[in-house]
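Worksheet: one structure, shown below.
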Amino acid sequence: MAQGSLFVFFFFSYLLSLVVIGNGLIVLAVTLSPPLHSPMYFFLKILSFIEILSISSTVPKALQSFFQAGRTISLIGCATQFFFFVVAAACECMILTVMAFDRYMAICHPLRYMSVMTLSLCYQVTFGLSVFAVGNAIIECFLIFSLPYCGSHLVAHFFCDVPPMMSLACSETLIVKVYQLIISVTATVIPTILIICSYINILTSIFQLHSAESRYKAFSTCGSHLVSVVIFYGTAMFVHLRLDNPFSSYNDRMLALSYCVIIPTINPMIYSLKNKEMKAAIRKLFTGEKRD
């Protein structure tokens, strides 16, 4: 019964994330709708693509395991899953920070916004984040999968993540822990500080606006991003910055569900349900209305 409930949860979460008011629709809507060809929606499209990569690297194998007697995964399969998940996680950390800077420029420096946030800069930033994420994933894969696993090979998780893999190692993992701490600070703590600084300036600028309508519009623009930041960074930092604590299979699986399954599922709803432009673009995808 529990397995059946988990299968339904994973399956419908995956379906919602990709199709039903999901990340796939956001990618299509932003790509095909000229009114959404702005830096804010460009980075939202990149975030949605990252969410697709994140949930696709973990959930399909988890769904397959419900019909697999031994529930096994090969070493290459585990490393591949680990690699793409780490790439997606690092990219999401960085892109959320870039989105905060985009909102900071739009609200605090509106006259300079278009000259600073150019399409060329958007592509350069995306390329730089991708290089960082892939490079980090290669190093992490090498460190994790070069460890000797001489005991149990049972991964007490629904995907190959850092904590459960380290818990299986039968040798000293100090080097891996040090690198994990460095990359966690680089990819979570520093971006969190930058996001907080951005929002301090954003809030200061918002409260200086005289029009209540302008303040509401500014708050609504930032609200969706802020909710995503709190959920993602809160769970990610809790899991990956407590390296001295032993891996707890149940607690860590529950936390992983939030940033691996639940966040990619609810993010499209957060960003689209209260956004008139996004809802209009998605409606045009279904109705075939002429795009502007």
Side-chain angles (χ1 to χ4, degrees), residues 21 23 26 30 35-48 50-51 89-119 121-122 124-126 128-129 132 184-241 255 258-259 262-281:
I21 58 173
N23 293 290
I26 290 180
V30 175
L36 301 186
H37 291 178
S38 66
M40 181 179 75
Y41 290 108
F42 173 84
F43 290 123
L44 176 57
K45 179 175 72 172
I46 298 301
L47 176 64
S48 296
I50 293 168
E51 299 283 27
C91 280
E92 184 155 1
C93 288
M94 298 294 129
I95 205 70
L96 287 172
T97 309
V98 174
M99 292 173 75
F101 176 75
D102 175 73
R103 294 299 81 209
Y104 161 76
M105 289 299 302
I107 294 174
C108 300
H109 301 284
L111 298 179
R112 297 177 53 201
Y113 179 74
M114 294 308 298
S115 62
V116 174
M117 301 301 296
T118 62
L119 185 61
L121 178 65
C122 293
Q124 289 172 13
V125 168
T126 303
L129 298 184
F132 169 81
S184 295
V185 170
T186 303
T188 58
V189 177
I190 293 177
T192 299
I193 294 172
L194 293 175
I195 291 172
I196 291 172
C197 291
S198 296
Y199 272 100
I200 289 174
N201 286 281
I202 288 171
L203 290 175
T204 301
S205 296
I206 289 176
F207 287 126
Q208 289 176 351
L209 297 174
H210 298 293
S211 169
E213 183 180 351
S214 298
R215 288 196 295 269
Y216 174 78
K217 185 177 180 180
F219 273 123
S220 62
T221 301
C222 300
S224 300
H225 173 260
L226 196 55
V227 171
S228 296
V229 167
V230 170
I231 297 174
F232 179 80
Y233 276 101
T235 53
M237 291 176 69
F238 184 82
V239 170
H240 293 287
L241 288 179
L255 285 169
S258 67
Y259 65 82
I262 297 175
I263 291 177
T265 303
I266 66 174
N267 260 354
M269 303 179 195
I270 293 173
Y271 281 102
S272 62
L273 290 181
K274 291 187 178 182
N275 188 305
K276 293 181 180 179
E277 292 178 318
M278 182 60 67
K279 286 192 291 186

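Since the structure is predicted, the reported quantities are computational estimates derived from the model, not experimental observations. Counting from 1, the numbers follow the sequence of the chain as shown.
Taking the side chain as every heavy atom from C-beta outward, Cys222 and Ile107 approach each other to under 4.5 Å. Proximity of Cys108 to Ile202: side-chain heavy atoms (C-beta onward) are separated by under 4.5 Å at one or more points. Put simply, the side chain of Leu44 reaches to within 4.5 Å of the side chain of Met278, judged on heavy atoms. When side chains are defined from C-beta on, Phe132 counts as touching Thr186, because their heavy atoms get closer than 4.5 Å. When side chains are defined from C-beta on, Tyr113 counts as touching Asp102, because their heavy atoms get closer than 4.5 Å.
The structure places CE of Met94 at 15.5 Å from CD1 of Ile46, a figure rounded to the nearest 0.5 Å. To the nearest 0.5 Å, atom CZ of residue Arg103 and atom CE of residue Met105 are 11.0 Å apart. Going from atom NZ of Lys45 over to atom SG of Cys122 covers 10.0 Å, rounded to the nearest 0.5 Å. Leu119 contributes atom CG, which lies 9.5 Å from atom CE of Met114 (distance to the nearest 0.5 angstrom). To the nearest 0.5 Å, atoms CG (Leu121) and OG1 (Thr126) are separated by 9.0 Å. In this structure, CZ in Phe43 is found 11.5 Å from OG1 in Thr97, a value given to the nearest 0.5 Å.
With hydrogens and angles ignored, the 3.5 Å screen pairs a side-chain donor or acceptor of Asn23 with a backbone N or O of Pro264. The backbone N or O of Tyr104 sits nowhere less than 3.5 Å from a side-chain atom of His109 that would complete a donor-acceptor pair.
Here the closest heavy-atom approach between residue Thr188 and residue Thr192 is recorded as O-OG1, 2.5 Å.
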